[in-house]
Amino acid sequence: MFELKYQTPPEWAQVALEDFDAFLQDHAAAEKKASGMAMSMLSHYPDRKNLVRAMTDLAIEEMIHFKQVVKLLQKRDVTLGNDQKDPYINEIRTLFRRGSDVFFLDRLLVAGVIEARGHERFSLIADALPAGKEKEFYVAIAKSEEKHKNLFVELALEYFDEETVYQRLEEVLDFEAKICAKLPYRAALH
């Protein structure tokens with residue numbers, strides 16, 4: 001449905017793999033937060049039946065991913081770790097406009113772009129890992145993130161006209177590209 005405007009270089013994955021334990025801790029936190037975001041969305045918009053159904057499914061799926069990452073951490077004898085502030089998420093959230101309708105649209109589109117970035121970066125991790133269970137896991141996670149990216153845009157198109165959705169999506173993509181271009185590489189998803 002859309003493409004990111006900034007392409008993460010493969011070198012980012014090498015930085016992440018150099019401290020893979022820290023990357024896994026960050027990944028677990030990201031899955032937990034994604035589940036919480038889905039629960040927040042369905043709580044704030046209980047009258048939107050399709051959104052409630054989709055966010056219920058998403059929250060469960062993200063918690064399953066969280067559980068899978070926790071298993072990887074435990075297999076490596078690494079503790080879960082404390083949630084850290086994510087500079088990427090903090091900055092992209094500044095896009096949210098005031099006003100119930102535009103705020104709702106922005107939440108959907110920003111979530112879709114975040115999922116798209118997850119798809120791209122989990123794909124890079126999968127490509128960089130040697131053959132084995134971890135590689136297979138990240139291939140599967142990347143495919144899941146790609147579906148999520150499209151889900152949020154489909155929901156936006158259900159509640160807003162196409163021109164409004166795609167115009168705002170372009171603005172979000174431009175802003176997100178600038179964020180990614182300036183952030184240093186680290187052993188974290190963003």
Side-chain angles (χ1 to χ4, degrees), residues 4 8-45 51-93 107-108 110-153 155 176 179-180 183-190:
L4 295 169
T8 301
E11 293 79 23
W12 167 85
Q14 293 309 313
V15 171
L17 292 181
E18 285 171 11
D19 192 357
F20 196 52
D21 291 347
F23 178 81
L24 287 171
Q25 288 172 318
D26 181 76
H27 180 186
E31 296 291 357
K32 185 172 51 171
K33 291 172 187 175
S35 181
M37 178 278 304
M39 292 299 293
S40 173
M41 289 280 284
L42 69 87
S43 295
H44 283 101
Y45 307 103
L51 178 125
V52 169
R53 185 180 67 253
M55 292 301 103
T56 300
D57 292 344
L58 181 63
I60 292 166
E61 185 177 348
E62 299 289 18
M63 282 308 294
I64 290 169
H65 293 166
F66 171 73
K67 183 178 179 180
Q68 292 169 321
V69 179
V70 168
K71 283 183 181 180
L72 287 175
L73 285 165
Q74 290 175 342
K75 186 176 180 182
R76 298 169 72 91
D77 199 28
V78 177
T79 59
L80 184 58
N82 296 322
D83 290 354
Q84 303 293 318
K85 291 191 187 248
D86 185 330
Y88 168 87
I89 297 295
N90 289 342
E91 193 157 346
I92 201 167
R93 288 176 58 91
R107 282 186 81 180
L108 291 169
V110 165
V113 171
I114 291 169
E115 295 288 341
R117 184 61 62 196
H119 164 67
E120 179 214 37
R121 292 202 169 172
F122 288 141
S123 294
L124 288 171
I125 292 292
D127 290 346
L129 284 167
K133 289 188 183 269
E134 289 175 347
K135 183 179 193 78
E136 292 168 12
F137 172 69
Y138 276 99
V139 166
I141 287 287
K143 288 179 184 174
S144 178
E145 297 293 304
E146 184 174 33
K147 287 187 291 187
H148 298 167
K149 134 191 162 178
N150 294 329
L151 168 69
F152 283 104
V153 175
L155 286 168
E176 193 267 355
I179 295 170
C180 288
L183 287 176
Y185 298 166
R186 58 193 191 106
L189 184 58
H190 306 114

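Residue numbers run from 1 in the order of the sequence given.
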Pairwise distance CD1(Ile141) to CD(Glu134) - rounded to 0.5 angstrom: 12.5 Å
Check: Met41 and Met37 side chains under 4.5 Å, non-hydrogen atoms: yes
Arg93 atom CZ, over 12 foreign heavy atoms within 6.0 Å: no
Smallest separation among heavy atoms of Ala116 and Lys149, with atom names: CB-CD, 3.6 Å
Closest approach of Phe122 to Leu189 (non-hydrogen atoms, all atoms of both residues): CE2-CD1, 3.6 Å
For the student: nearest non-hydrogen atoms of Leu155 and Ala54, plus distance: CD1-CB, 4.2 Å
Evaluation steps, side chain to side chain contact (heavy atoms under 4.5 Å, CB included), between Leu72 and Lys133: CA-CA 10 Å; Leu72 287 175; Lys133 289 188 183 269; over 6 Å; no
Test item: Ser123 side-chain N/O and His119 main-chain N/O as donor-acceptor pair under 3.5 Å: yes
Gap separating the OG atom of Ser40 from the OH atom of Tyr45, nearest 0.5 angstrom: 8.0 Å
Check: Gln84 and Asp26 side chains under 4.5 Å, non-hydrogen atoms: no
Criterion side chain to side chain contact (heavy atoms under 4.5 Å, CB included) on Thr79 and Leu73, from CA distance to verdict: CA-CA 7 Å; Thr79 59; Leu73 285 165; over 6 Å; no
Heavy-atom closest pair, residues Pro9 and Leu124: O-CD1, 4.1 Å
Heavy-atom donor-acceptor pair, Lys135 side chain to Ala126 backbone, under 3.5 Å: yes
Test item: Ser144 side-chain N/O and Ala140 main-chain N/O as donor-acceptor pair under 3.5 Å: no
Separation between NZ of Lys33 and CD1 of Ile114, rounded to the nearest 0.5 Å: 11.0 Å
Glu61/His65 under side chain to side chain contact (heavy atoms under 4.5 Å, CB included): CA gap, chis, key distance, verdict: CA-CA 6 Å; Glu61 185 177 348; His65 293 166; 3.6 Å; yes
Between CG on residue Asp21 and CG on residue Asp19, distance to nearest 0.5 Å: 6.5 Å
Nearest-0.5 Å distance, NZ of residue Lys85 to CG of residue Asp83: 11.0 Å
Student check: side-chain heavy atoms of Phe20 and Val78 closer than 4.5 Å: no
Check: Trp12 and Ile125 side chains under 4.5 Å, non-hydrogen atoms: yes
Mutual orientation of the aromatic rings belonging to His27 and Phe23 [parallel < 30°, tilted 30-60°, perpendicular > 60°]: tilted
By salt bridge (charged side-chain N to carboxylate O under 4.0 Å, His left out) - contacts of Glu91 (at least two apart): Lys182
Pairwise distance OG(Ser35) to CE(Met55) - rounded to 0.5 angstrom: 11.0 Å
More than 12 heavy atoms from other groups under 6.0 Å of CE on Met39: no
Summary of salt bridge (Lys or Arg N to Asp or Glu O under 4.0 Å) pairs that have at least one residue in residues 111-128, sequence neighbours excluded: Arg117-Glu120, Arg117-Glu176
Heavy-atom side-chain contact between Val139 and Lys143 under 4.5 Å: yes
Trace of the side chain to side chain contact (heavy atoms under 4.5 Å, CB included) decision for Phe137 with Val69: CA-CA 9 Å; Phe137 172 69; Val69 179; 3.8 Å; yes
